[in-house]
Every structure is written in structure tokens, then in C-alpha cells.
Amino acid sequence: MHPFEYAAPETLPDALALLREHGEDAKVLAGGQSLVPILTYRLAKPRLVVDINALPFGEVTAENGRLRLGALVRHHQLEESETIRRRCPVLADAARLIGNVRVRSLGTVGGSLAHADPAAELPAVMTALDARLTLASAGGQRHVDARDFFTGLLTTALSSEELLVAIDVPAVPAHGWAVEELSRRAGDFAVVAVVALVSVDRQGHVDDARVAFAGVADQPVRARAAEDALRGHEPTTERLGRAATAARAALAPPSDAFVSGEYRRLVAGVLCRRALARAVARALEAR
Amino acid sequence: MADAVATRETLRVVGRAVSRHDARDKVAAATAYAADWALPGMLHAAVLRSPYPSARILKLDTARAVALPGVAVVLTAKDVPRNTLATDVPGQTTTVGPLRATLHVLAEDRVRHQGEPVALVAAETLEQARAAVEAIDVEYERTPGVFTPEAALAPGAPRVHDTGNLLAQWRIARGDVATALARAAVVVEGEYTTQLVDAAYLEPESGVAWIDSDGVITIRLSTQVIEHFRDVAEVLQVPQNRVRVIGTYLGGGFGGKEDVTVEVYLGLLALKTGRPVKMVWTRQESLLARAKRHPYRMRYRTGAAATGEIVAQQIELLGDAGAYAYLSALVLLYSTVTAGGPYRVPNVEVQARVAYTNNPPTSAMRGFGGMQTVFAYESQLDRVARALGMDPVEIRRVNALRRGDSLPVGQVVETHVALPELCEQAWAALGPPTPPRAPHVRVGRGLACNLQPYGRIVWLHDWSSAWVGFEMDGSLVVRCGVPDVGGGQASSLCQIAAEILGVSLERVSVHISDSALTPLAGTTTASRQLYMSGNAVLKASRELREQLLGVAVTMLGADAGALTMADDLVRGPGGRTLALPDLLRQCARAGVPRGHLAVYNAPAGEPVDLATGSGKVFPDYTYGAHAAEVEVDTETGVVRLLRYAAAHDVGRAINPQSVEGQIQGGAVQGLGYGLMEEVVVEDGINLTTSFATYLIPTAADVPDVEPVVVESGEGLGPFNARGIGEPPIGPPAAAVANAIADATGARLTRLPITAERVARALGRLDGEP
Amino acid sequence: MIARMVLNGRPRELDVRPEQTLLEALRDTLGIFDVKEGCGEGVCGVCTVLLDGRPVSSCLVLAPAVRGRAVTTLRGLERDGGLHPLQEAFVRYGAVQCGFCTPGMLLTALAFLEREPRPDRERIRAALEGNLCRCTGYTKIVDAVEAYVRDNGHG
């Protein structure tokens with residue numbers, strides 16, 4: 001790869017100062033699973049690579065019904081964390097589907113969100129969870145909701161001077177959850193993925209429903225029509241089917257050289273129905 | 001060459017699943033592959049490739065590149081002593097007529113495919129070489145191209161080569177197809193389309209070249225053909241005896257390393273710089289530019305009687321040769337000869353054509369044209385069976401070739417055809433049917449057979465040579481030019497020599513694949529190596545044995561017939577033994593050589609006119625039958641393989657474990673072809689230049705492959721073995737397509753069978769709201 | 001720049017450039033050829049090393065990033081100069097053909113068995129899903145790992 005300068009700041013202020021100084025000429029290195037191939041294949045030639053792996057953002061903490069994920073939490077931690085298993089198990093399920101075991105050893109939550117691949121699972125999960133992202137720059141911190149963070153194809157609200165440092169998600173222990181995915185080959189990028197979270201009240205009606213898609217547009221899509229169709233109603237097979245149909249109807253996925261938009265739409269509907277069914281089953285079990 | 005029958009009980013080493021010497025080295029990473037080599041002062045090389053599929057080169061300026069730090073040399077076409085390379089049958093030492101093809105080493109005034117090499121750079125570091133490649137200024141003028149064989153053969157199409165776009169055609173005609181079809185009880189018509197695929201060996205094309213102390217240009221690389229030293233010599237305009245190719249143990253070949261890859265560039269750069277040079281292609285480069293498998297459009301009209309017997313086949317094949325011929329004419333010939341499958345076809349017409357396009361070039365790949373046709377002929381047979389209500393095993397039993405029958409090309413089948421037995425065993429190996437696990441899931445089973453030639457076309461007068469000899473302490477050396485692609489080519493030779501000379505396997509060492517130091521054995525292709533170099537080692541071992549026993553008879557006072565070589569000894573009557581070192585010392589005194597060189601000449605034949613001929617084309621064939629059980633998700637079209645069995649008659653399994661490994665590996669490569677692999681090219685631009693987009697099967701995509709090894713005892717190789725390298729790759733795509741048809745009624749006729757195509761075939765994509 | 005790390009149990013100092021990957025540092029600087037390059041983008045698995053015990057693609061790790069960490073390659077498995085029992089099993093069960101995927105398979109399998117000592121065949125297959133093999137069709141690789149689990153009394 002083209003030569004570059006390398007810095008490995010150990011504090012956030014140091015890292016942010018470098019980003020302020022170098023802006024577009026710098027690239028941030030976290031897990032490296034997305035960045036390094038880009039450098040190897042000479043698709044980018046930054047002047048500086050800022051290795052942020054020494055920053056103290058590798059913890060999962062729980063507090064007041066919320067979970068805070070440091071941006072450097074690795075995918076394997078999502079799979080293995082007891083805290084996540086108890087309070088937000090959908091994250092563990094989604095992490096298990098990411099790439100291969102090597103990607104999960106090093107890839108980070110922050111890296112996945114910042115890279116914003118339209119087929120990636122975590123952006124969709126964070127969208128479903130209404131996660132709140134903390135962005136830091138030399139000028140201070142700001143918070144951006146997941147729904148506003150993913151702005152386009154491989155594009156986010158992050159400026160070249162900003163670092164994603166933490167992600168807050170609600171603990172949802174009472175929700176049933178499911179992640180359904182279809183890929184061209186085992187362990188591959190998703191063609192389409194669906195994340196569903198459902199809670200059911202004591203009367204047997206859907207209390208809260210969240211559905212988000214990956215792989216159907218440039219950014220994750222929240223299926224609000226489907227959610228509205230479910231809220232307040234009994235989650236019968238028929239109603240789940242209608243919700244899935246409503247979700248599918250709102251989609252106009254693009255075609256690429258390998259998969260047509262038409263097929264993505266078909267799969268989105270089928271997976272949505274299946275994810276809702278599993279999520280509801282889990283919700284009823286948990287009650 | 002039929003062997004005197006040796007029963008299994010009398011063989012000590014052959015027929016046993018012995019561990020391979022190279023496996024031990026490989027698990028310890030002690031094997032030095034082509035890229036695991038560094039020499040002092042070594043330069044690194046890179047290739048500049050055309051970004052366009054069809055263009056004229058208006059200007060080529062290397063000045064900026066040459067001036068960059070660390071750059072030793074930048075070469076273009078004008079720097080190549082002879083810029084024309086022959087790409088006909090590799091290693092062939094006699095002329096091959098219409099099979100001769102050429103291309104330029106570096107592009108001159110035009111490029112014909114994306115990725116075509118235009119310039120070469122050698123620099124102190126790889127990064128410097130890549131930076132220099134980017135600094136070469138080329139001005140292209142894009143010209144119209146053609147991107148399908150149909151478009152290429154249409155009147156007025158832009159010409160890829162001045163000779164016209166039809167590269168080759170073959171025709172077979174026998175009997176009266178029209179009448180037979182008219183009288184048939186059932187006629188099935190189908191059009192089948194196969195896709196462009198890549199060999200996708202895990203080891204990319206790699207090598208290092210240097211000039212040896214006596215001026216010999218030495219190239220150490222990953223290749224299936226060390227005889228390319230002649231091509232390097234031609235290009236460099238140096239005598240052939242001043243070029244040496246050392247073939248390393250390959251990290252996979254599959255036909256993709258049959259043509260010249262890096263050796264000519266390395267030879268050129270080493271000669272121009274006087275320094276060692278290394279070249280390793282990136283995966284992106286390999287997927288972009290390396291020659292691939294021919295996509296085919298196959299049209300079949302199959303007629304059958306009410307009994308299920310095929311009465312006629314009318315077959316039309318159209319292949320895509322890409323921008324350069326390479327081995328396309330020969331590949332097409334294989335397709336033509338095998339297009340009827342392993343069946344009796346009394347009335348047959350095959351019209352086969354292959355056309356140039358501005359797509360990536362296509363050439364040799366495991367199966368070599370005999371693979372694509374399986375998808376067509378086995379899908380057709382399955383449809384005939386369904387139309388007649390016959391089961392898949394029965395219809396094949398009815399139609400299978402038998403000894404004495406002839407193939408469409410007129411060749412008489414001379415060895416046993418185990419097809420009915422293979423079908424029964426493969427089908428039975430699936431076990432009891434798996435019930436569908438959910439209402440939206442259907443389960444089905446499919447069977448597919450094939451025949452695949454082993455050994456070269458007989459009129460190419462194939463031969464192979466080997467030297468076998470003892471050291472004074474009784475340890476044995478085998479020298480043979482055979483390249484080892486990972487299928488145990490080298491270790492099989494050790495087993496054969498150990499068997500004949502009674503030496504324990506651990507006391508045999510083998511030197512392979514060196515064009516200067518090992519007797520030439522020909523290419524590791526065409527499933528020919530066990531047949532050819534195996535027979536050469538067998539012959540050398542036997543003749544050596546005779547030579548040595550001629551001395552032993554005196555020492556033991558017995559007739560040669562009463563002596564055996566076993567357990568590292570010579571054994572005589574009355575319990576007398578002779579230690580090998582003692583025998584060998586006596587040989588030295590008596591002037592009797594302790595080593596022996598043998599040449600094995602395959603039975604040769606004269607060229608056959610396919611259309612009119614009744615003649616032999618290939619020495620023999622290997623037959624196989626695969627059975628698949630699949631599960632189809634009828635809502636999404638996703639196909640999951642539940643069970644898979646693959647049966648082949650290998651004649652005799654020299655090493656049963658290696659044979660099973662070839663069957664399993666070939667089957668999975670065939671499943672990749674059937675279900676997921678495709679090099680997607682749009683208007684000549686390759687969209688799959690990454691392992692993230694060019695998908696080969698992972699361990700999670702395939703079930704265990706149950707190998708069923710049948711040994712009929714009839715084959716032309718040593719101990720009656722048949723070739724097994726290529727045959728297992730043929731049936732899987734058809735077995736899966738037939739299983740999907742069984743499960744759902746939907747017939748998939750275009751490869752790869754993706755979930756989307758299945759969903760479409762099931763009507764799931766019709767007018768979705 | 002100097003990166004201090006532990007390689008196969010021994011402390012090493014590596015003189016590396018930032019734009020070198022760990023794969024390049026191992027092969028070109030240290031002459032360690034247990035790791036291969038197959039695709040340059042972390043998909044094929046032939047460049048697998050263990051980083052603090054976890055499998056990673058060494059083609060995706062920048063060399064300076066290994067400072068203070070432990071890297072294990074295939075030769076780190078050797079026992080008393082001999083083969084590890086899993087290596088023996090690969091030989092015995094025919095799990096090696098061209099051998100290019102073998103080092104990555106071995107490291108991945110061993111790291112997996114540390115966390116899951118008694119897997120069934122399906123779990124073994126799933127664990128190896130990220131390591132491509134083009135020669136064997138995977139069956140004998142799974143056979144070898146299964147035999148090793150059975151014969152070495154894991155768990």
C-alpha cells in the first residue's frame with residue numbers, strides 16, 4: 001500500500017487534535033476490516049492513519065435501563081458478553097452473523113456503524129433500537145440518533161474531524177427479538193437482513209414493535225408502517241403477515257449485478273414475517 | 001496398458017491409504033510454495049493491464065515510471081525479443097494443426113480484453129513497482145467490442161481478430177436424426193446456459209526467476225506444465241537448453257496454471273535486469289485476467305422410445321472463447337465428443353462452435369469442456385425420465401454404454417462401464433429420505449452421471465518418462481518431471497516404485513517437476529498423470545527390478561522366478577535373503593546400473609475426422625454417478641444441500657484416501673459451479689474481482705460428500721487405475737438441478753442456480769404488489 | 001518503527017513500516033512462511049494467525065498494531081519439535097491436499113476448540129466456515145478435527 005504516517009494516540013483529546021489538524025487527509029483505524037483492504041487495493045491513499053485502538057472505549061456497561069457500548073467494543077464481545085445476553089440479546093444474535101470469525105475478532109461496533117455498509121447488520125440493529133450515538137470532536141461532543149446517523153450509501157453524519165465514541169441502546173429484556181438474514185453464501189454479506197423486536201402486554205396485545213431492514217436501500221430502513229400495523233393488536237399469524245406485506249410495500253430496493261431489487265423485496269417480506277413470528281414467540285415465552 | 005492382474009492380497013503398498021509425504025510437510029508449513037522464496041538482490045514485478053475490453057493503444061509513455069525511485073526496468077512490447085507466444089497444447093512436441101493458437105506477450109497496438117497485459121515493471125519493492133505501474137501513461141482509444149458469442153457471429157460484428165470471430169467448429173453426424181426424432185415416443189427440447197467461472201486456487205500465480213551461475217535462466221514457479229521452458233526460450237530468443245523451469249508444489253491448479261502465467265514475464269525481467277525477480281499476482285489481478293472456463297449455450301433435442309431408450313440427440317453448442325484462443329479449440333473438441341453422455345445414442349448430430357469475444361479469455365479448467373455438457377445431457381435425461389414415468393436409476397441402466405458400444409464420434413468402448421452399479425450405489429448412499437422440516441420447505445433427490453476422458457487425445461502421441469534408482473544403502477530415488485497440484489501426484493509415484501521394488505515407503509524419496517533435472521513427464525492435466533507418469537514409474541521400476549534380479553540370481557543361486565523383492569530385501573527359496581546394500585555393491589562391481597530410465601508411450605492413433613470418423617479420440621474414460629438430496633425453501637428459493645454421494649469407477653485406487661479426496665474435492669468444486677460461482681462481466685468489464693464477490697463454497701455450504709469408490713479392475717493406468725482428477729467435477733450441477741426438479745417441479749436451466757433464479761422459477765417474482 | 005511483541009512464545013522486536021501488514025512483516029521481514037497470502041482482503045483465511053489467542057487475518061492487521069500483543073503462527077503449535085496431535089490427525093485423515101489452506105485451518109480449529117472443546121460435526125463445520133479450501137471439499141478436514149476431539153479427550 002501507499003506509504004503513510006502512523007499515529008497511535010492514547011487519549012481522546014490527542015486523537016481529536018490529529019483529526020482536526022488533518023481532516024480529510026487522515027483515516028481512522030479501529031478494527032481494520034474495512035479500512036485495510038481499501039489501503040491494500042490502493043483505493044485510498046491517506047497521508048495519516050490514526051490508530052485509535054488504545055483509546056478507552058472497549059467496554060460494555062449497563063446503567064439505568066440502558067446499555068452503553070464503547071465504540072471499540074469488538075463483535076466477539078457482543079457475542080460473548082453476559083450483560084448483553086441478559087439485557088439486549090438481539091445484539092448478540094446480530095453479531096454472530098457478521099462476516100467470519102476473524103472479522104469478529106477485530107471488527108468494532110463503531111467501525112461497522114461508521115463504515116455504514118448498506119448490507120451490514122449492526123446499522124440495522126441500532127436503527128431498530130433507536131440507539132443514540134455519541135460523536136466527539138476537538139470542539140466538543142454531540143449526540144445523534146441512529147435514524148439520523150446513516151445519511152446515504154457508505155455515508156454518515158460523522159465529519160472528517162469527528163470520532164464515534166459510544167453507542168447507547170435501551171435494555172430490552174422483555175422484548176422478544178429475532179434477526180433473519182439471507183445471503184448468497186454461508187457467512188457472507190447479507191442480501192437482506194431483518195431485525196425485529198416485539199413486546200407483548202398482559203392482555204396479549206403488542207406493546208412495542210420495532211422492525212428494521214438492511215440491504216434494501218442505501219441505509220437501514222425502519223419499517224414504521226409494519227410497526228404501526230402491529231401496535232395495540234394481537235399478534236396473530238394473519239396480522240404478522242399483513243405487517244410484513246406493509247413493510248415490503250414500502251420498499252424499492254436497488255438492483256446490482258448479483259441480485260435484483262425485485263428479489264430483495266420478496267425476501268424482505270418473507271424474512272420480516274419470519275422475524276416477527278420468532279420475536280413474538282420469544283416475547284410470549286419471556287412473559 | 002493392461003497389467004498382469006495382481007490381486008489386492010498380494011499388494012503391500014499400492015491400494016493402501018498411506019499418508020502422503022507432502023501432507024506431513026504441509027501441516028508443518030515446511031513446504032516452500034512459489035512465493036515462499038527470496039534471493040539476495042531480488043526485485044519485485046508488477047503488470048500494467050488494460051482497463052478496457054477493446055481499444056487501440058495510441059500512446060504508451062514509460063518515462064515517468066522509469067524515473068520513479070527504486071524502478072529497475074519498465075518493459076513494453078518493443079522490449080520483448082519475440083513478442084508472440086504459442087498457446088496450443090502445452091508441452092506438445094509434435095504439431096497440432098488447427099489447435100495452434102498464439103497471442104502477444106505484451107500488447108502492441110491494441111487490447112482485446114480488460115486485463116490484457118500492456119507493460120511490465122521491476123522495482124526494489126512491490127510498492128515501488130505498483131506505484132510505477134500507475135505512472136505509466138497510456139492513451140487508449142476505445143473501439144466497439146462484442147460481448148456474447150451470438151453477437152460475435154452476427155454479420156457485421158466488430159472483429160476481435162482479423163481472421164474473423166469464429167475460432168473453431170466441430171461436427172459429428174451419425175444416423176438419421178430427423179427421422180428418429182419424428183418417430184420418438186417423447187422428444188424433449190432444452191436450452192442450457194453455463195457461466196464464466198474461475199479456477200480460484202487459493203495460491204495465486206507466483207514465481208521467482210534468476211540467472212544461474214552458468215547463465216541458465218531459472219524460473220521457480222507454481223505451474224502445471226514445466227515444458228513451458230520452451231515457450232520462455234522462444235520469447236527470449238535464447239536456446240531452449242538455457243532455460244530451466246522448476247515447478248513447486250502447487251497451492252491448487254485446476255487447469256488455471258496450465259497455460260503460461262508468470263514465467264515469461266519473470267524470464268524477461270531476469271534477463272533484462274540480471275537480477276532475481278519475483279512476481280505474485282494479487283487475487284484481484286488473478287480474477288480479472290487469468291483465463292477461465294468457457295461459458296456455453298447448449299441446445300438439445302432428445303428423442304426417446306417408450307422404453308426409455310434414447311433414439312436421437314440433436315445438439316448445438318456455442319462457447320465463448322474470450323479474446324484469445326488459448327486452448328478453446330481443444331476444449332470444444334472435448335465437449336463435442338462427450339456431448340451425448342455415457343449413453344448409447346444411435347442417431348446423433350453435434351454442431352459445436354466457439355467464438356472470440358472481448359470478454360476475459362477462456363482456456364483449460366478441470367473438466368475441460370467435458371464438464372459443461374453434463375449439465376445439459378443429464379438435465380435432458382431427467383426430463384425424459386419424468387415424461388415417461390421412469391425412475392432416474394432405471395433410465396440410466398437402460399441407456400448406459402456397455403463394452404463394445406460406440407460413442408457418437410465412433411470410438412468403441414473397450415473397457416468396462418460400471419454405470420448402472422455406480423448409479424445404484426450413489427442413490428443408495430443417500431439413505432432414507434429426509435422429511436421436510438417446515439411447510440414452506442420441499443425436499444427432493446436427483447441423480448446425474450458423466451463420462452470424462454482420461455489421458456490425452458491419442459493422436460497427440462503422449463508420453464511420459466521417469467527414472468528410478470537405488471542409493472548404495474538401499475534407499476530409493478524417483479525422479480520424474482510431474483508437477484504436483486495437491487492431488488498426491490508425487491506420492492503415488494512413490495507408492496508404485498515401493499510396491500515393485502519391495503522398498504518400504506519411508507525409504508523412497510522423490511524429486512519432481514524440474515525441466516533440467518527430472519525426466520519430462522508431460523503436463524499435470526487431462527487426468528493423465530497417474531496414467532502416464534504412473535506407468536512410466538511402473539515401467540522403470542519393473543525394468544530396474546529385472547536388471548537387479550539378474551545379479552541377485554547369482555548371489556542367491558536361484559532362478560529369477562523364485563525371487564521376490566519385499567521388506568527392503570531380496571528373498572529367495574529356502575528362506576535365504578539378500579540385503580539390498582550387498583546386492584547393490586555387487587551391481588557396482590559387475591557394472592550393472594542401479595538406476596533405470598523408462599519412457600512410457602501411450603498407445604497412439606491417427607487423427608480422426610469427427611464428423612465422418614469411426615475412430616478413437618481418447619484412450620479411455622472414467623464414469624461416475626452423483627446423487628444429491630436438497631431442500632428448497634419455496635418462499636425464498638434458497639437451496640440447501642442435505643446429503644450428497646459421489647460414485648466413480650477408478651479402475652484401481654492406488655491410494656484410496658487420495659481417491660476419496662479427489663472425489664470429494666471435485667464434487668464440491670462442481671457444487672460451487674452449480675450453485676454460486678459466477679464471474680459477472682458486463683460489456684467486457686469484470687465485476688467480480690474479489691473473493692467477496694466471486695463466491696466459492698465454504699464448509700458451511702456443503703454437507704459431507706460420501707465418496708463411493710468402485711474398482712472394476714480395468715483401466716489403462718498402473719495396476720489398472722483410471723484417472724480421477726477431473727471426473728468428479730462434472731455431475732454436481734445436474735444432480736442438484738434434478739433434485740430441485742424433483743422437489744418442486746421447477747426446472748433450472750441456467751447456472752449458477754441462485755436462490756433468485758429458483759424463486760423466479762417457482763413464480764415467486766410474478767407481479768408482486 | 002520498532003514494534004515489540006511476542007511471537008510464538010518469544011519476545012521479538014520488529015522493525016516495521018506503518019504501511020506494512022502483519023502478513024508482510026512476517027513473510028518479508030522475518031522470513032516466516034507459515035502464513036500465506038490468498039486474497040489480500042481477509043476472506044480466504046490462509047493468512048490466519050492468532051492474536052492474543054483469537055484468529056485474525058494478518059493481511060488486515062497493520063504491523064505496528066501488534067505491539068504489546070502475542071502472535072501465534074503454525075510453528076507456535078509444535079510440541080517438543082514434533083507435530084501437534086491435530087497436525088497428525090490432518091495427515092492421517094487425508095485432510096491435506098495442496099496444503100495452502102492448512103495452516104489457517106489448523107489455527108482456526110485449535111482456537112475454536114479452546115472455547116468449545118466437544119463440538120459435533122455441524123459445529124466444526126460452522127467454525128471453519130471462514131477458511132476456504134478448494135481441494136478437499138472439507139469432509140476430511142472435518143473428519144480430522146472430529147477424530148482429534150475424540151482421541152485427545154478434550155473437555
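Quantities reported herein were computed from a predicted structural model and do not represent experimental measurements.
With a threshold of 4.5 angstrom between heavy atoms, B:E706 does not approach chain C through any atom at all. Contacts between C:V43 and chain B at a heavy-atom distance below 4.5 Å involve the side chain alone, from C-beta outward. Using a 4.5 Å cut-off between heavy atoms, B:I696 contacts chain C through both its backbone and its side chain. Heavy atoms closer than 4.5 Å to chain C are found in the backbone of B:V485, but not in its side chain. With a 4.5 Å cut-off on non-hydrogen atoms, B:W281 does not touch chain C at all. Heavy-atom distances place the backbone of B:T31, and not its side chain, under 4.5 Å from chain C. Only the side chain of C:E88 comes within contact range of chain B, judged by heavy atoms closer than 4.5 Å. At a 4.5 Å heavy-atom cutoff, the contact between B:A28 and chain C is made by backbone and side-chain atoms alike. With a 4.5 Å cut-off on non-hydrogen atoms, B:A667 does not touch chain C at all. Contacts of C:R125 with chain B are made by both backbone and side-chain atoms, with heavy-atom separations under 4.5 Å. At a 4.5 Å heavy-atom cutoff, the contact between B:P703 and chain C is made by backbone atoms alone. There is no contact between B:S206 and chain C, counting heavy-atom distances below 4.5 Å. When heavy atoms are compared at a cutoff of 4.5 Å, C:T136 approaches chain B solely by way of its backbone atoms N, CA, C and O. Residue B:A35 touches chain C through both its backbone and its side chain, counting heavy-atom pairs closer than 4.5 Å.
In this structure, CD in B:E660 is found 10.0 Å from OG1 in C:T139, a value given to the nearest 0.5 Å. Here OG of B:S19 is found 10.5 Å from OH of C:Y93. Values are rounded to the nearest 0.5 Å. Atom OH of B:Y694 and atom SG of C:C39 lie 14.5 Å apart (nearest 0.5 Å). Separation of atoms OH (C:Y138) and OG1 (B:T698) is listed at 5.5 Å; rounding is to 0.5 Å.
Ranked by non-hydrogen atom pairs under 4.5 Å with chain C, the options B:A38, B:S658, B:A200, B:G666 are led by B:A200. Between chain C and the residues B:G488, B:G672, B:S690, B:P707, the largest count of heavy-atom pairs under 4.5 Å involves B:S690. When each of C:H84, C:Q87, C:E37 is scored by its heavy-atom pairs under 4.5 Å with chain B, the top score falls to C:Q87. Among C:G38, C:G31, C:P103, the residue making the largest number of heavy-atom pairs under 4.5 Å with chain B is C:G38. Counting heavy-atom pairs closer than 4.5 Å to chain B, the top residue among C:L132, C:I141, C:N131 is C:L132. For the set B:G486, B:A199, B:G665, B:A699, the count of heavy-atom pairs under 4.5 angstrom toward chain C peaks at B:A699. Counting heavy-atom pairs under 4.5 Å between each of B:D704, B:L250, B:V668, B:D25 and chain C puts B:D704 at the top.
Annotation: C:R115, atom CZ; neighbour count of heavy atoms from other residues, nucleotides and ligands within 6.0 Å is above 12.
In this structure, the side chains of B:Y201 and C:C135 stay at 4.5 Å or more apart for every pair of heavy atoms. You'll find the side chain of C:Q20 stays beyond 4.5 Å of the side chain of B:E127, heavy atoms only.
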Checking C:E41 against B:Q284 for the side chain to side chain donor-acceptor pair (under 3.5 Å) test, could you report, in this order, the C-alpha distance in whole Å, the side-chain angles of both residues, the deciding distance, and whether it holds? CA-CA 10 Å; C:E41 56 184 318; B:Q284 189 183 49; over 6 Å; no

For the pair B:E203 and C:V46, evaluate side chain to side chain contact (heavy atoms under 4.5 Å, CB included) and give the outcome as yes or no after the intermediate values. CA-CA 9 Å; B:E203 177 203 31; C:V46 304; over 6 Å; no

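Using a 4.0 Å cut-off between charged side-chain N and carboxylate O, C:E19 and B:R130 make no salt bridge.
Nearest heavy atoms, B:V702 versus C:G137: CG2-O, 4.2 Å. The heavy-atom pair separating C:E129 from B:A700 by the smallest distance is OE1-CB, 3.5 Å. Minimum interatomic distance between B:Q657 and C:V91 (heavy atoms only, all atoms of both residues): OE1-O, 4.2 Å. Considering all non-hydrogen atoms of both residues, C:K36 and B:Y33 come closest at NZ-CD1, 3.5 Å.
Between the side chain of B:K26 and the backbone N or O of C:Q97, at least one donor-acceptor pair lies under 3.5 Å.
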